[in-house]
Amino acid sequence: MLISLLYSFSHPFDSLFLLPSLGLTSTLYLSSLLVSQLMKAIKKTIIMRIVIIVIVFAVVLVLCGSEEDVISIAPMEAKEQEALYSAIQGFIGKWWNGTDLYPDPCGWTPIQGVSCDIFNGLWYVTSMNIGPVYDNSLSCTPNAIFTHHLFELKHLKSLSFFNCFFSPTQNPTQIPSSNWQNLVDTLESLEFRLNPGLVGAIPTGLGCLKNLQSLVILENGLTSRLPIELGNLTKLKRLVLAGNKFTGKIPVSFGGLTELLILDISRNHLFGSMPLTMGGLTSLLKLDLSNNMLEGKLPKELRNLKNLTLLDLRSNRFSGELTKSLEEMVALKEMVISHNPNIGGNLTGIQWQKLENLEILDLSDMGLTGTIPEKSITVLRRLRFLGLGDNKVTGRVSIEFESMSSLSSLYVNGNNLTGKLELSDLFYKKMGRRFGAWNNPNLCYKVELRSTSDSVPFGVRPCSETNKRL
């Protein structure tokens, strides 16, 4: 019995099951003790719940804080705020003074396109996107200008201008040529996109931005030569200079940008040959030099670009046949060399089967001769697009093209192909107008297709009519 009583003090809830085994006096006495223990346990539970609620509420207050707390924790440095406001006013007009921002540009109502971070307990601007990047972004005024205040933002990492400089006649604006050294330690990304009113040359001062990882100057009104100083930006991962009016040669110094993943200098007026130093860009994934006036032979150094997945050289003036070094670019998924009519050479000179990752191969309008190398091309199981149009290719169209399950576009138009197309009705239905074989005067399709199918190759005569005509 003594053991039972002792157990009841340490385990009041379990002791309820002992009551039937005790006498009446002991039962009454133990019952009173149990009631007391139960009341104490309930009080402890309530108190613990209250304590937990108070702690949670206190944590919420600390994390969220009041507006006054936020101001006291991280205000914006006065000089930083003045520089930011003045820089913005240069782009959108003096009417804007930031009075609708509370408590500051990085507080509860921040500026769209401006991001901040805390350094030594103070807010500083780390990212600025000028122009209609977002629906509620501040739009630039027609007479937008750069001011020196922009270069006083000492922690700026990312700077972007999108559709901010509209007119090359009413407000021609040049990229500032000085003060870039103020951002040499911080700036990692710099972009100018879709600014037709941005004219002149790329300032050589950009070459000092040693930490820059991305430089995008896309579809502006810039002219002149590409500065060799851009070759100093050895941390660049992306260099896009497309859609401007740049002239001159591709700087040899670009070959030193060994960390580049993307190089796009398309849609300019560049001339001269491709620098041999381009073979040093061994990290490159995308190389786009299309729509320029580049000339000369394709350098054999291209074989060093083992990681390249896209090679676009279309619409230039290259010559001198296809280089066998193309066979060694084994990671290629897209090879586009079309509209270089002076390249010439025989299609069979390349072992295409080595490029087993190819999905797009466009060799149209290149002055190519010889027959279609069916054994090396039809084994490319991932190939979706094959363009061989407007060349001087001879021979027949192989029925083996039907075995290429991924192929959805095949263009052999404008050549000297002959004979009867033996491809099936199912193949023509699958391809539709994406099978192009027109302008091959001596090519015809099986006459029975005309009576059994509504899918016949566009621009190709049935064999009976061809025979009569011949």
Side-chain angles (χ1 to χ4, degrees), residues 67 70-71 74-119 122-167 171 173-176 179-180 182-198 202-203 206 209 211-222 237-238 240 242-243:
E67 294 174 352
V70 174
I71 296 173
M76 173 169 274
E77 186 188 49
K79 289 184 178 180
E80 181 84 357
Q81 182 167 322
E82 181 181 346
L84 174 62
Y85 283 24
S86 297
I88 291 177
Q89 286 176 342
F91 299 119
I92 70 172
K94 295 288 185 180
W95 62 269
W96 185 88
N97 56 17
T99 55
D100 57 338
L101 303 177
Y102 182 82
D104 54 49
C106 301
W108 294 102
T109 54
I111 305 172
Q112 286 297 329
V114 174
S115 300
C116 307
D117 207 343
I118 296 175
F119 298 89
L122 297 172
W123 283 120
Y124 288 92
V125 177
T126 56
S127 176
M128 179 184 292
N129 299 287
I130 302 297
V133 180
Y134 307 101
D135 291 338
N136 54 348
S137 295
L138 297 171
S139 297
C140 293
T141 181
N143 57 348
I145 59 171
F146 293 96
T147 69
H148 66 89
H149 304 94
L150 182 65
F151 302 97
E152 297 173 9
L153 302 174
K154 60 185 71 175
H155 291 283
L156 196 61
K157 292 183 179 181
S158 177
L159 181 59
S160 172
F161 301 91
F162 172 72
N163 197 21
C164 189
F165 304 96
F166 314 128
S167 174
N171 184 39
T173 305
Q174 295 191 9
I175 299 174
N179 294 320
W180 291 104
N182 295 350
L183 304 176
V184 66
D185 293 323
T186 61
L187 200 62
E188 298 177 355
S189 177
L190 177 61
E191 299 190 2
F192 301 90
R193 294 176 182 263
L194 202 65
N195 296 284
L198 203 59
I202 296 177
L206 295 187
L209 299 172
N211 289 312
L212 207 62
Q213 297 182 29
S214 176
L215 177 59
V216 177
I217 303 178
L218 177 65
E219 295 184 1
N220 303 287
L222 297 174
K237 300 290 191 296
R238 177 172 61 167
V240 177

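The analysis underlying the following values was restricted to heavy atoms, covering all of them including side chains, and did not include hydrogens, waters or symmetry mates. We number each residue from 1, following the sequence as shown.
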Do the non-hydrogen side-chain atoms of [X] and [Y] ever get within less than 4.5 Å of each other?
{"X": "Asn211", "Y": "Leu187", "value": "no"}
{"X": "Leu122", "Y": "Pro75", "value": "yes"}
{"X": "Ile145", "Y": "Thr173", "value": "no"}
{"X": "Leu194", "Y": "Phe165", "value": "no"}
{"X": "Ile118", "Y": "Trp123", "value": "yes"}
{"X": "Ile202", "Y": "Leu222", "value": "yes"}
{"X": "Cys116", "Y": "His155", "value": "no"}
{"X": "Tyr85", "Y": "Asn97", "value": "no"}

Q: Quick one: do Leu190 and Trp180 satisfy side-chain contact (heavy atoms from CB on, under 4.5 Å)? Show the steps, please.
A: CA-CA 11 Å; Leu190 177 61; Trp180 291 104; 4.0 Å; yes
(Q) Taking the basic N atoms (NZ, or NE/NH1/NH2) and the acidic carboxylate oxygens, is any pair closer than 4.0 Å for Lys237 and Glu188? (A) no
Q) Does the ring centre of Phe192 sit less than 6.0 Å away from the ring centre of Phe162? A) no
Examine distances only and state if a side-chain atom of [X] and a backbone atom of [Y] form a donor-acceptor pair shorter than 3.5 Å.
{"X": "Thr186", "Y": "Leu156", "answer": "yes"}
{"X": "Ser115", "Y": "Gly113", "answer": "no"}
{"X": "Asp117", "Y": "Val125", "answer": "no"}

Q) Passes side-chain contact (heavy atoms from CB on, under 4.5 Å), Glu152 versus Ser86? Steps please. A) CA-CA 10 Å; Glu152 297 173 9; Ser86 297; over 6 Å; no
Q: Would you please test Val240 and Arg238 for side-chain contact (heavy atoms from CB on, under 4.5 Å) and show each step?
A: CA-CA 6 Å; Val240 177; Arg238 177 172 61 167; 3.8 Å; yes
How long is the span from the [atom1] atom in [X] to the [atom2] atom in [Y], to the nearest 0.5 Å?
{"X": "Ser160", "Y": "Arg193", "atom1": "OG", "atom2": "CZ", "value": "7.0 Å"}
{"X": "Glu80", "Y": "Cys106", "atom1": "CD", "atom2": "SG", "value": "8.0 Å"}
{"X": "Ile130", "Y": "Cys164", "atom1": "CD1", "atom2": "SG", "value": "6.5 Å"}
{"X": "Asn182", "Y": "Leu153", "atom1": "CG", "atom2": "CG", "value": "10.5 Å"}
{"X": "Leu159", "Y": "Phe151", "atom1": "CG", "atom2": "CZ", "value": "8.0 Å"}
{"X": "Ile175", "Y": "Leu198", "atom1": "CD1", "atom2": "CG", "value": "4.5 Å"}

Q. Would you say the side-chain atoms of Asn195 and Asn220 include a donor-acceptor pair closer than 3.5 Å?
A. yes
Heavy-atom pair of closest approach, residues [X] and [Y]:
{"X": "Phe146", "Y": "Leu150", "value": "CD2-CD2, 4.2 Å"}
{"X": "His149", "Y": "Ala87", "value": "CB-N, 3.9 Å"}
{"X": "Pro105", "Y": "Leu101", "value": "CA-CD1, 3.9 Å"}
{"X": "Glu77", "Y": "Lys154", "value": "OE1-NZ, 4.0 Å"}
{"X": "Ser137", "Y": "Gly131", "value": "CB-O, 3.4 Å"}
{"X": "Trp96", "Y": "Leu138", "value": "NE1-CD1, 3.9 Å"}

Q: Return yes when atom CD of Gln112 has more than 12 non-hydrogen atoms of other residues, nucleotides or ligands closer than 6.0 Å, and no otherwise.
A: yes
Q: Determine, stepwise, if the pair Met128 / Lys157 fulfils side-chain contact (heavy atoms from CB on, under 4.5 Å).
A: CA-CA 9 Å; Met128 179 184 292; Lys157 292 183 179 181; over 6 Å; no
Q: Assign the ring pair Phe119 / Tyr124 to parallel, tilted or perpendicular, where the plane angle (0 to 90°) is split at 30° and 60°.
A: perpendicular
